[in-house]
Amino acid sequence: MEFRRFGGGLQFSIIDHIDLFAGDQTETLSQAIRRSVEDSAATAEDEPEANVLFGAIKGSVVGLRYYTGVVNKGEMVSLVRQPQNPYDKNAVMVANVYGSQVGHIKRQLAEPMAKIMDSNLAKVEGVVPFGVKNAFTMPVNLSFWGKEENKTAVINELKIHGFQLGPEFKGGSRSVEAGGPPDQWLAPPKSLMAIPLTPEQLKSAFDKLFDDLMEDKTREMEAAEAVCTPLLPHQKQALAWMVARENNNDLPPFWVEKNGLCFNVLTNFAVLERPESVLGGILADDMGLGKTLTTIALILTNFHNGKPLPLKKMESTQPVPGTAATKRKGSALKENSGTGDELPSEEVATPSCSKRRQDDSVTIVIDSEDEGESAAPKKKAKTKAKSKVPSKTKKGPIILIEDMDFAAALGGGVVAESSHKKKAQKKSQGVSKTSSIPVDSKGAGATLVICPLSVISNWLDQFEQHVRADVELSVYLYYGAERNREVKFLTQQNVVLTTYNVLSADYGGKKCSPLHEVKWLRVVLDEGHIVRNPNALQSKAVLNLTAERRWILSGTPIQNSLKDLWMLISFLKMKPFDVKEWWTRVIERPVTLGDGKGLSDLQTLIKGITLRRTKTSKVAGRAVVQLPERTVFVQKVTMSEQERRDYETVKKEGRDVIGRYVTEGTVLTNYADVLVILVRLRQFCCHPHLLGSLLSVGGSTADMSTPSELRERLINKITLVLSSGSDEECAVCLESLRQPVITYCAHVYCKPCICEVIRSEQANAKCPLCRAQIRTEELVEYPGEDAESASTESKDAWKSSSKVDALMSNLLRLRQEDPNIKSLVVSQFTKFLSVLEVPLREQGFSFTRLDGSMSQRCRAKAIKVFQDTAQGCPTIMLLSLKAGGVGLNLTAASRVFLMDPAWNPAAEDQCVDRCHRLGQKKDVVITKFIVKDSVEENMVKIQKRKQELVEKAFGGKNAQDRKQSRIEEIRALMEL
DNA sequence: ACCGCCGGGTGCC
DNA sequence: ACCGCCGGGTGCC
């Protein structure tokens, strides 16, 4: 059964237009550049087109008696070309919602239809109005959808063959039966007359799509005994809901049972056998509410046939601390060293911890003149040292790690399964299972958890922390070159943990992999929103997994559009929407056209499968989480006279260059240069050393004299752009840059992505952003951030800056008040972090550092020592804004110093949320340093103005306006 | 298919 | 009758 591919589906035009999900303020610069280029250049072919209805005709389905597929009155059918049909190459097959063939389109009509469909002039959709009992033929109403410019071609093609396209038939069968075609067409097409929702209504409806999903989800459930962490009330609710979802026997949304048949009220499709219940759903709780813990509780509580994992005392196979440095293949598997008092990340916030409201953040602006005294929060932080300390002897579940690097990176946090245990498991394969292996009636017992690499260690930690020591739960980390790919072995685990990358790498072109051969009890997609492009290999790999139950964990289930949702629905195998056509016809298009029915159907769909609580959600009148207060101070920094003079010099230079671009109207074409100038000014506000080797900007890269000079300049550019922290993304894969390279035309991509573009376009390859010729030999690689050389080179000549002074006086005062308080010092410039190391060392601060250039191993280590409250452990973490992304848990800190304003305030919030999250027991104080009368102040003003626009729902702008506002912004920044 | 079409049987009324 | 008519066989693409 082959299905016509829906090339990209329909554009979500209204929503794109009003920029519903991605507010202007969260846009990265590369997005802006990409868009401005796209606006002028030809539209990308793969983007879904705005399809309109050309009209409809009546056709007939013939050959019914040869096929088993049946349809209902008013049922939607899909039309699939069969070019290989031996009797007629124009054959068009008619299939029902489940893809069973019903018949063929009559030959005469199939001929023009084949032409239209093959040349992609229109998509054709069918509804059978009546005659479903007919034995030989039945009528079908065909509607044609396509791009406006193809309308005449379609009409003509049909006309040649004697078919006249008319207006759409009124929905359902009644009217069609009543009158002949001419009468039909005189009637106003009702579905087109329906008053569409306004973009504002649509926006607000969408914003609310994931709201208020709590009703009937308030029942609580205790976790299985195997979970040693007490669940918070909202987590118990989530557990009850998840268990119920997994054990439900309900029909999926929009299905009803009718005379022994199952009937889909949206497509009018009926089947004898019940459509599979959706066992699982979307847990869309806000970050920090404990999705990981809840999921672990689910795994243990709904372990087998709705029963929890039985408690079974382990024989004394548990290694004693300190003795278990088991060696395997020459590398040490580390044993939990049992420091004992590290705080478990997510479970420490007991309900009694804080009863204060957490949503009343205050912003206080303090002038630099009186920073000395009043910048300090008046309130003394109350330290509630009532943390629940895990027992020193506690041992977590068995975790088997094959990747030695990773094991080392995780340090003491992991207990390795000893080798003899593993052998025992291997031996038992196929005969009798070891006690830890459940024998499910369906043979499925293992849960597969797929997550981004960055949160793997979090999962391992949490299994360790939340699973009782005497519970034998096998957790296998399927990662690294040495991973065990045996299907039998994987099937026998209780939990297999892997990353999206490993999954799709295994899946690759082969379309199968060890993970795809296993029949999983449960598949969990952590941060599931990252799987969104249905064309990506990763998505296909995820969709093709076999599982009884499926879960998506995501704090932000809607990233950009409705299409992201399809991916989630499809993963959950919610019939019939796992097939794109039905999603498009039944949900996506109606919603796009502003049809209230479509929207309410979508709401129903989401409601049935989603649980979402935000930090502000209430459970029985009480907030789900009660986070400590969070206060934001803006501390203005005044430059010294010398600094001011130097700054003005740099600024004047830049202003001249940008001013020229503005008058020439070439700001956007020279965006890379503009960025460089802005970055330099921003760097200067922090510390003059950040500027590094001075480079001249302004000259077009094309007219450079020697290739080596050009290369050097490109390296400078890419370094500046990447260290600027604007979180550039690759315009090809839309992900964060991997192995960044810069083209001769000064645009930045992932190396693999742009190489693939060049390979496929051969000699004709053009830069996706500016259409300049590009060649592989001309790509210049990013040399990496060279923090070391920067700090050593400037060591003897080190001098302070006003901003550094401001930070240091804060830190010194803080240490005096409470030497145990920990702080995050955040900058977008890793070089600035290096500069800061000097005075910190001088003043005898113990600090650690986390930036993007560090390996997983170093990161894990840095986090661990910082979170450690023992004496002598670092009290300061130098954190690069980019590295402070999701998943990190830095609750040991209660002070945050944001050293420089970010383009994207959301990135700042996210960074602050690293410590202002579940587990934080102190009030969090955030200090933003802004240099007075500088580009920084202008940035803040622009941010504010944008925020106001968004709040007034004026966020929507057309492409031209946006381009213009980009330019206006740059002018405002440079005070031009 | 309670149709249309095909082709064999048949042939005044 | 080199036709018309009748009635059985048959039937998607």
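Atom set for the values below is all heavy atoms of this structure, side chains included, hydrogens, waters and symmetry mates excluded. Every chain is numbered from 1 and lettered A, B, ... according to where its sequence line falls, protein lines coming before strand lines.
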Set of residues satisfying side chain to side chain donor-acceptor pair (under 3.5 Å) with respect to A/Asp578, sequence neighbours excluded: A/Lys575
With sequence neighbours excluded, residues passing side chain to side chain donor-acceptor pair (under 3.5 Å) with A/Asp601: A/Lys597
Span that lies between the C1' atom of B/dC2 and that of C/dC13, in whole angstrom: 26 Å
Separation between the C1' atoms of C/dA1 and C/dC5, rounded to whole Å: 12 Å
Pairing partner of B/dG11 (Watson-Crick or G-U wobble, both distances under 3.5 Å): C/dC3
Partner residues of A/Asn544 under the side chain to side chain donor-acceptor pair (under 3.5 Å) criterion, sequence neighbours left out: A/Tyr507
side-chain contact (heavy atoms from CB on, under 4.5 Å) against A/Glu246, all qualifying residues, sequence neighbours excluded: A/Leu298, A/Asn302, A/Arg522, A/Arg549, A/Trp551
For A/Ser60, side-chain contact (heavy atoms from CB on, under 4.5 Å) partners two or more places apart: A/Lys106
Collect all protein-nucleotide pairs involving nucleotides 11-13 of chain C in which both atoms are nitrogen or oxygen and the distance is under 3.5 Å.
{"residue": "C/dC12", "atom": "OP2", "partner": "A/Tyr66", "partner atom": "OH", "Å": "2.5"}
{"residue": "C/dC12", "atom": "O2", "partner": "A/His104", "partner atom": "ND1", "Å": "2.7"}
{"residue": "C/dC12", "atom": "N3", "partner": "A/Tyr67", "partner atom": "OH", "Å": "2.9"}
{"residue": "C/dC13", "atom": "OP1", "partner": "A/Arg107", "partner atom": "N", "Å": "3.1"}
{"residue": "C/dC13", "atom": "O3'", "partner": "A/Asp88", "partner atom": "OD2", "Å": "2.7"}
{"residue": "C/dC13", "atom": "O2", "partner": "A/Asn85", "partner atom": "ND2", "Å": "3.3"}

